[in-house]
Number of protein chains: 2
Amino acid sequence: MISFKGFEPTGSSPIYLQIIKHIKVSAVSGDAANGDELPSRRSLSAMLGINPNTVQKAYRLLEDEGIISTVPGAKSILDISPEKLASIKIELLQSTALSAVKSMIEMHITKDDAFRVMEELWDKEEKGESK
Amino acid sequence: MISFKGFEPTGSSPIYLQIIKHIKVSAVSGDAANGDELPSRRSLSAMLGINPNTVQKAYRLLEDEGIISTVPGAKSILDISPEKLASIKIELLQSTALSAVKSMIEMHITKDDAFRVMEELWDKEEKGESK
DNA sequence: CATGCTGTATTATTCAAGTAATACGGTTTA
DNA sequence: TAAACCGTATTACTTGAATAATACAGCATG
């Protein structure tokens with residue numbers, strides 16, 4: 001079962017997008033494996049205190065993307081091809097790393113300076129990661 | 001005069017935010033210097049084909065932040081303290097670099113892999129920069 | 001002085017996105 | 001069989017943000 005422990009909708013980002021990202025990150029990071037079950041729409045919505053349709057929206061989009069699979073009468077499961085998994089990894093990277101690079105170049109920052117900053121941020125963040 | 005040549009509101013991001021960012025980037029990158037004049041609200045709005053109040057909103061927020069200065073009866077000018085300029089630089093970096101780092105750590109990517117990707121993106125982006 | 005510019009404030013409108021309410025039909029299981 | 005779950009579809013509501021319309025007052029310059 002894909003875990004939503006510690007997951008809680010926060011910030012201004014739409015709940016359904018946070019759910020989608022959580023599942024994508026779980027897959028990419030290896031926290032979830034192919035074939036793992038997802039919570040039912042209703043149970044997850046009850047868990048989060050939101051409307052079932054919000055979860056449904058997330059699951060539907062994930063299914064459209066070919067990331068999860070829903071067999072009628074059974075549970076939804078994680079179901080990604082290796083190629084798709086790789087492309088999601090790239091997509092997640094691009095959505096952040098690429099925009100960071102673009103904006104730093106726009107600011108006329110030298111590559112050396114940029115990477116110095118990035119490395120500092122990395123070390124600081126990694127230290128704060130004690131899940 | 002701070003240049004808006006080549007500037008055109010694009011994408012889904014609000015126009016007034018794009019104006020704000022353009023001015024901030026101009027300041028940080030060195031394209032604009034302290035004391036440089038900004039286009040009047042009305043002229044810039046005419047230039048962009050938008051409502052003057054949209055420009056006013058951007059200018060007002062910039063003034064609230066202590067980035068520009070408006071003397072009554074004269075033009076608005078760029079007016080930032082060195083400290084403020086440094087803090088904007090950091091702010092712009094954090095808004096992109098930090099979130100990139102966070103998301104890569106979340107994906108369980110190794111630091112080496114991450115920086116390999118970033119470097120690749122950097123070189124590709126820099127090459128495409130022929131302003 | 002008068003025309004035309006400036007910045008400012010208040011209010012309205014528009015629009016889209018997110019979320020929720022509700023209902024339908026099917027499957028499992030006790 | 002009946003209760004409890006499941007996924008799905010349609011529709012409605014709400015809210016907030018972005019932008020625009022309009023009006024007011026001051027300064028500059030011809």
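Protein chains get the first letters and strands the later ones, always in sequence-line order, with residue 1 at the start of each. What you see is a predicted model, and the numbers here were worked out from it, not measured in a lab.
- Rounded to an integer number of Å, the gap from A:Asn51 CG to D:dG7 P is 14 Å.
- Nearest heavy-atom pair, A:Ile80 versus A:Leu85, reported as atom, atom and distance to 0.1 Å: CG2-N, 3.6 Å.
- Counting to the nearest Å, the P atom of D:dC6 and the CZ atom of A:Arg60 are 20 Å from each other.
- In the set C:dA20, C:dT6, D:dA20, C:dT6 carries the atom at the smallest distance from any side-chain atom of B:Ser40.
- Across the protein-nucleic acid pair, B:Gln18 atom CD and D:dA18 atom P stand 11 Å apart, rounded to whole Å.
- Rounded to whole angstrom, the span from the CD atom of B:Gln56 across to the P atom of C:dT6 amounts to 13 Å.
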Test log, rule side-chain hydrogen bond (donor to acceptor under 3.5 Å, both in side chains), inputs A:Ser29 and A:Asp31: CA-CA 6 Å; A:Ser29 70; A:Asp31 287 343; 3.2 Å; yes

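- B:Ala100 and A:Thr96 make their closest contact through CA-CB, 3.6 Å (heavy atoms, listed as atom of the first residue, atom of the second, distance).
- Positionally, the nearest nucleotide of DNA chain C for B:Tyr59 lies more toward the 5' end than for the other of A:Ile50 and B:Tyr59.
- For A:Leu17 and C:dT19, the CG to C1' distance is 13 Å, given to the nearest whole Å.
- Listed nucleotides C:dT19, D:dG7, C:dG7 differ in distance to A:Ile15; the shortest reach to its side chain belongs to C:dT19.
- Atoms CG (B:Leu61) and P (D:dA18) sit 10 Å apart, rounded to a whole Å.
- Rounded to whole angstrom, the span from the CG atom of B:Leu62 across to the P atom of C:dG7 amounts to 14 Å.
- Phosphate contact (OP1/OP2 of D:dA20, side-chain N/O of B:Thr54, threshold under 4.0 Å): present.
- One can place CZ of A:Arg42 at 8 Å from C1' of D:dC5, the figure rounded to the nearest angstrom.
- When distances run from any side-chain atom of B:Glu63 to the nucleotides C:dT8, D:dA18, C:dT6, the shortest one goes to C:dT8.
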Let me see the working for A:Leu98 and A:Leu93 under side chain to side chain contact (heavy atoms under 4.5 Å, CB included), right down to the final yes or no. CA-CA 7 Å; A:Leu98 181 58; A:Leu93 267 183; over 6 Å; no

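- When heavy atoms are screened at a 4.0 angstrom cut-off, B:Tyr16 is found touching the sugar-phosphate backbone but no base atom.
- Note on A:Lys75: nothing from the nucleic acid sits closer than 4.0 angstrom, heavy atoms only.
- The aromatic rings of B:Phe115 and A:Trp122 sit perpendicular to each other, their planes meeting at more than 60°, with 30° as the lower class boundary.
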